[in-house]
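Below is one structure, written out as structure tokens; comments come after it.
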Amino acid sequence: MPPLELLSYAGLVVFAASGAIAAAERKHTIVEFMFFATVTAVGGGTVRDLLIDAPVFWVAGNGPLGTCVVTALLVWLLGERVWNARILVWLDACGLVAFAVLGAAKTLALGFPALVAVAMGVLTGTFGGIVRDVLANRPSILLGREIYVTATIVSAGLFVLLSRMGLASMPAGIIGVSAGFALRGGALVFGWTLPGYRDLNANESSPG
Amino acid sequence: MPPLELLSYAGLVVFAASGAIAAAERKHTIVEFMFFATVTAVGGGTVRDLLIDAPVFWVAGNGPLGTCVVTALLVWLLGERVWNARILVWLDACGLVAFAVLGAAKTLALGFPALVAVAMGVLTGTFGGIVRDVLANRPSILLGREIYVTATIVSAGLFVLLSRMGLASMPAGIIGVSAGFALRGGALVFGWTLPGYRDLNANESSPG
Amino acid sequence: MPPLELLSYAGLVVFAASGAIAAAERKHTIVEFMFFATVTAVGGGTVRDLLIDAPVFWVAGNGPLGTCVVTALLVWLLGERVWNARILVWLDACGLVAFAVLGAAKTLALGFPALVAVAMGVLTGTFGGIVRDVLANRPSILLGREIYVTATIVSAGLFVLLSRMGLASMPAGIIGVSAGFALRGGALVFGWTLPGYRDLNANESSPG
């Protein structure tokens, strides 16, 4: 399996697990485990492929869907022994930035302009998780100030910038993934957040 | 009209009615009646067609949209005399499994693999109702343990399995629809549910 | 720039601003400002293009996305001095009916039937705002009785009707935009609402 496809499957497993865990938190059944796992894992890439008019990446074979279903089954069987572990948030961070770079790379390779490639990277990395949260009635990561979307912008943006400057895909991808992961990791370890709108505003307008 | 198309229109009417009723529960206007009816009825098939890159089934003619609008009008005019009736839940069950088999059949006929066809069946049967619930701010059927998605898995799964084993579409479809409907019907009559995650887990981990 | 494209960019700016303001209300960061602005501004046209199998309007160049990002930045920088102003609701009303006519015109020009063109006009005008509200956890405009969707039906419907009667695009568009804007404006000034379902029903069934 080529490295990019391997990375893509790794991302599927990670996001499918996070979807299944969202289902676990609400006492869902095995069917919802599979449903949430699949939506979370393939959601971002699906929207990207629809928007850039590429064949949707998971409809040509049984592999991606099978991966999601098996991952959901494993989360169901292994249970809390595994998913309570803090390791998952870190796997999620890996998947987030990996999908961001993969999404930007695919879009750029098809000849779309730079800003569109960055947007597709952001979508590929974040969309599945957003839908997962809406369906599970959880407060969306979008409504917090945690650095999450920002990490995908950094990953996809750096990859696109470096590619446009002539760097090969592999080093550009490694740099993009590393930078985004460092940022997301810093947010997880040190609680980094971006400043919110009203905070800034309050600072400006209330000198007292 | 051929039987499959007839079944498809019957499903549209049923789901459109359920969408209009969701609007009715919240004192909505006639415009929202039409909006909810249409989204619920065509939502699942629309997503399926986008994913398998088929022309979206309702954009070629005025028939499907017209059906939704007229159904919404009828629900508005007939009012509670009709929609309070328990018959609607049963019509919804018919539509659910019929759309599941129709979705799987269309996907299989276009040459996609088995697991993808099952997934498309599930999507075709359930997506419209999911969007309806999100828009209407209702607790999604996805968050309950009622047998709903499961019925579409059984219907679409049996159809795909039997088709792959060489059975003709008509008997495979009848068996798929019947099995899924029996399961959903049993859930409605006897309150069948799937076990939730924590229940199982609690049983395993707390012997006292 | 031709008049239709100019109108389209004006609509993008208006909707992007409304998305950024939804983010501002919740103390979001600059990243969410850009995210909400973009989703709100391009959401409706994106769904329309997917459904009628046209290339998605914003992926061919950097212009539309760049417009959204810059608008979000301006809202962030200018702050409450601008967006508290009542003028925004009026700009939103302009965008709503302009997008409705633009969406219907594009669909009709590609040879789709009348009812489909009206539906696409409604989607183009309203979808972005619906997604914005779902993501921002706000009560959807769909759940109120304010005249909003109705204005897009009037705008798109009049345009399609007049076009089918042989009127040229420009006068048909001006009439459609004006009628929808007058209706939406009346709703804003005079609080016009459509009657809700239970109200009517209560009048009918409770003579006391």
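Lettering of chains follows the sequences in order, A, B, ..., and the numbering in each one begins at 1. Side chains are part of it too, since the values below use all heavy atoms of this structure and drop only hydrogens, waters and symmetry mates.
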| query | Of the backbone (N, CA, C, O) and the side chain (C-beta and beyond), which part of B:A60 lies under 4.5 Å from a heavy atom of chain C, both, or neither? | reply | backbone
| said: Counting only non-hydrogen atoms closer than 4.5 Å, can you tell me which residues of residues 107-118 of chain C sit against chain B? | reply: C:F112, C:P113, C:A114, C:L115, C:V116
| Taking C-beta and beyond as the side chain, do C:V47 and C:M120 meet within less than 4.5 Å on heavy atoms? | no
| Okay, side chain of B:S155, backbone of B:T152: is any donor-acceptor separation there less than 3.5 Å? | no
| What are the residues of residues 65-74 of chain B, in order of number, with any heavy atom under 4.5 angstrom from a heavy atom of chain C? | B:L65, B:G66
| query | Would a 4.5 Å heavy-atom cut-off, applied to side chains only, mark C:R48 and C:I52 as touching? | reply | yes
| message | Using 0.5 Å steps for rounding, measure from the CG atom of C:L183 to the OG1 atom of C:T150. | response | 7.0 Å
| note | Checked B:V31, B:V56, B:T46 vs chain C; the most non-hydrogen pairs under 4.5 Å come from B:V31
| task | Answer yes or no: is there a donor N or O on one side and an acceptor on the other, between the side chain of B:D49 and the main chain of B:F57, under 3.5 Å? | result | yes
| Is there a side-chain contact between C:V154 and C:V97 (heavy atoms, below 4.5 Å)? | no
| task | Can you see which heavy atom on B:V131 is nearest to which on B:V39, and at what distance? | result | CG1-CG1, 3.4 Å
| query | Looking only at atom types and distance, does a side-chain atom of C:R184 sit under 3.5 Å from a main-chain N or O of C:Y148, one as donor and one as acceptor? | reply | no
| said: Taking the side chain as everything from C-beta on, heavy atoms only, tell me whether C:I175 gets closer than 4.5 Å to C:F159. | reply: no
| task | Could you tell me how the ring of C:F99 sits relative to the ring of C:F15: parallel (under 30°), tilted (30 to 60°) or perpendicular (over 60°)? | result | tilted
